[in-house]
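A short write-up of the structure that comes next.
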Amino acid sequence: MKRFLLTLAFPLFFVGCANNPTHMAFSPQVPNITQHSYNATPISLDTVDARSNEYVARFMEEGTKTRLVGPSEPPQMLLDEVFRNGFSQVGYQIDPGASSSVQIQLQELQMDVTKKTFGYEAKHSVVISVQARNSSQELNKQYRAKGTLKGPLTPDFASLEMDMNKLLGQLTGEILNDPELNQFLQQ
């Protein structure tokens, strides 16, 4: 009987170990573009990670130490690629010497996962600031997105990553399709 119980418990030990990754992988995609520029306006683009924390997730469970999880790739690099591709799809020409510029600042990218008795709750938020300059003016805007994910038992990293990617896609789409920002860059 002991041998049987040991045989059943052995795989569960490895499942528990596999459930504690040290990094989260994000892969934001270029969202659907609805706003288009028809004259290939040149803009310079810079993406900055201005977050005060290097982690992207905090796992909290009563009676245990909070576990911090970092990104597998720098979020600044991932967002830079998304915005370069996105602004190109909108119709802008990315040119480092252009007189109009856009600086994307990642202010917050965080997920707080709280383990409860019969499940978990993950609250996540993304804040991105945009500073746009043309030849005579400056436009500063801040974009925010928040989400919550609840589930039974312990959180599945794939679900958490997918939910955060969805939130990033929503926010990048809001920025790329923002009529005020696009009108400002066209001046």
Side-chain angles (χ1 to χ4, degrees), residues 15 18-37 45-61 66-92 94 102-116 118-132 140-182 185:
V15 170
N19 218 8
N20 288 325
T22 58
H23 292 87
M24 294 188 95
F26 299 123
S27 58
Q29 303 297 312
V30 176
N32 291 331
I33 305 296
T34 58
Q35 182 75 27
H36 293 282
S37 168
L45 181 65
D46 184 29
T47 308
V48 176
D49 188 349
R51 297 175 303 135
S52 58
N53 304 322
E54 292 196 17
Y55 60 86
V56 292
R58 288 189 298 193
F59 288 82
M60 299 166 283
E61 185 175 356
T66 299
R67 185 167 61 100
L68 304 177
V69 175
S72 60
E73 293 184 62
Q76 175 265 338
M77 184 183 77
L78 297 171
L79 287 175
D80 188 66
E81 184 178 335
V82 167
F83 280 110
R84 284 184 184 282
N85 290 333
F87 276 116
S88 294
Q89 282 184 26
V90 171
Y92 295 101
I94 307 300
V102 177
Q103 184 181 67
I104 308 292
Q105 293 182 358
L106 179 61
Q107 300 289 330
E108 185 176 325
L109 175 66
Q110 185 166 324
M111 181 179 302
D112 289 327
V113 183
T114 306
K115 179 83 169 87
K116 299 181 178 191
F118 296 107
Y120 69 92
E121 180 178 48
K123 293 182 179 180
H124 34 281
S125 69
V126 181
V127 177
I128 296 176
S129 294
V130 175
Q131 293 178 336
N140 293 307
K141 289 188 83 169
Q142 192 172 70
Y143 302 83
R144 296 175 178 272
K146 292 182 181 272
T148 302
L149 181 66
K150 295 179 181 183
L153 305 172
T154 59
D156 170 25
F157 257 52
S159 297
L160 295 174
E161 291 165 343
M162 186 170 65
D163 212 47
M164 185 61 92
N165 283 328
K166 187 172 85 174
L167 202 62
L168 284 166
Q170 172 191 330
L171 200 58
T172 56
E174 187 179 327
I175 294 168
L176 291 167
N177 291 308
D178 183 343
E180 182 182 14
L181 176 62
N182 281 291
L185 291 172

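Each residue takes its place number in the sequence, starting with 1.
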Please tabulate, for side-chain N and O atoms in residues 103-110, each donor-acceptor pair with protein atoms closer than 3.5 Å (sequence neighbours left out).
| from | atom 1 | to | atom 2 | distance (Å) |
| --- | --- | --- | --- | --- |
| Gln103 | OE1 | Gln105 | NE2 | 2.7 |
| Gln103 | NE2 | Asp46 | OD2 | 3.2 |
| Gln105 | OE1 | Gln107 | NE2 | 2.8 |
| Glu108 | OE2 | Ser125 | OG | 2.2 |
| Gln110 | OE1 | Asn53 | ND2 | 3.4 |
| Gln110 | NE2 | Asp112 | OD1 | 3.1 |

Subject >> CE-CG distance between Met162 and Leu167, expressed to the nearest 0.5 angstrom >> reply: 13.0 Å
Subject >> Phe26 and Glu73, any side-chain heavy atoms less than 4.5 Å apart >> reply: no
Subject >> Heavy-atom closest pair, residues Val30 and Gly86 >> reply: CG1-CA, 3.8 Å
**OP:** State, yes or no, whether a side-chain contact exists between Met24 and Leu160 at a heavy-atom distance under 4.5 Å.
**Re:** yes
**OP:** Provide the closest heavy-atom pair for Leu181 versus Ala132 in the form atom of the first, atom of the second, distance.
**Re:** CD1-CB, 3.7 Å
Subject >> Sub-4.5 Å side-chain heavy-atom contact between Tyr143 and Val127 >> reply: no
Original post:
Does Asn165 reach the main-chain N or O of Ser27 with its side chain, forming a donor-acceptor pair under 3.5 Å?
Top reply: yes
Original post:
Hey, does Arg84 have a side-chain heavy atom less than 4.5 Å from the side chain of Leu45?
Top reply: yes
**OP:** Indicate the atoms forming the closest heavy-atom contact of Gly70 with Val56, along with that distance.
**Re:** C-CG2, 3.8 Å
Original post:
Measuring from Lys123:NZ to Leu149:CG, what's the distance to the nearest 0.5 Å?
Top reply: 12.5 Å
Original post:
What distance do Asp49 atom CG and Arg51 atom CZ have between them, rounded to the nearest 0.5 Å?
Top reply: 4.0 Å
**OP:** Rounded to the nearest 0.5 Å, what's the gap from OG1 on Thr172 to CG on Leu176? Could you check?
**Re:** 6.0 Å
**OP:** Can you tell me which residue pairs pass the salt bridge (Lys or Arg N to Asp or Glu O under 4.0 Å) test with a partner in residues 160-177, sequence neighbours excluded?
**Re:** Asp163-Lys166
**OP:** For this output row, return yes or no: ring centroids of Phe83 and Tyr92 closer than 6.0 angstrom.
**Re:** no
**OP:** Taking the side chain as every heavy atom from C-beta outward, state whether Tyr120 and Thr154 have any pair of such atoms under 4.5 Å apart.
**Re:** no
Original post:
Could you give the distance from CZ (Arg58) to CZ (Arg67), rounded to the nearest 0.5 Å?
Top reply: 13.5 Å
**OP:** Please answer whether the main-chain N or O of Gln76 pairs with a side-chain N or O of Asp80 as donor and acceptor at a distance below 3.5 Å.
**Re:** no
Original post:
How long is the gap from OG on Ser129 to CG on Asn140, to the nearest 0.5 Å?
Top reply: 8.0 Å
Subject >> Derivation of the side chain to side chain contact (heavy atoms under 4.5 Å, CB included) call for Thr148 and Lys150 >> reply: CA-CA 7 Å; Thr148 302; Lys150 295 179 181 183; 4.2 Å; yes
Subject >> Side-chain touch Ile33/Phe87, heavy atoms, less than 4.5 angstrom >> reply: no
Original post:
What are the two closest non-hydrogen atoms of Ala145 and Gln170, and how far apart are they?
Top reply: CB-NE2, 4.1 Å
**OP:** Could you pull out all residues at least two apart from Glu61 that satisfy side chain to side chain contact (heavy atoms under 4.5 Å, CB included)?
**Re:** Thr64, Lys115
Original post:
Looking at side-chain heavy atoms only, is the closest gap between Phe59 and Pro155 below 4.5 Å?
Top reply: yes
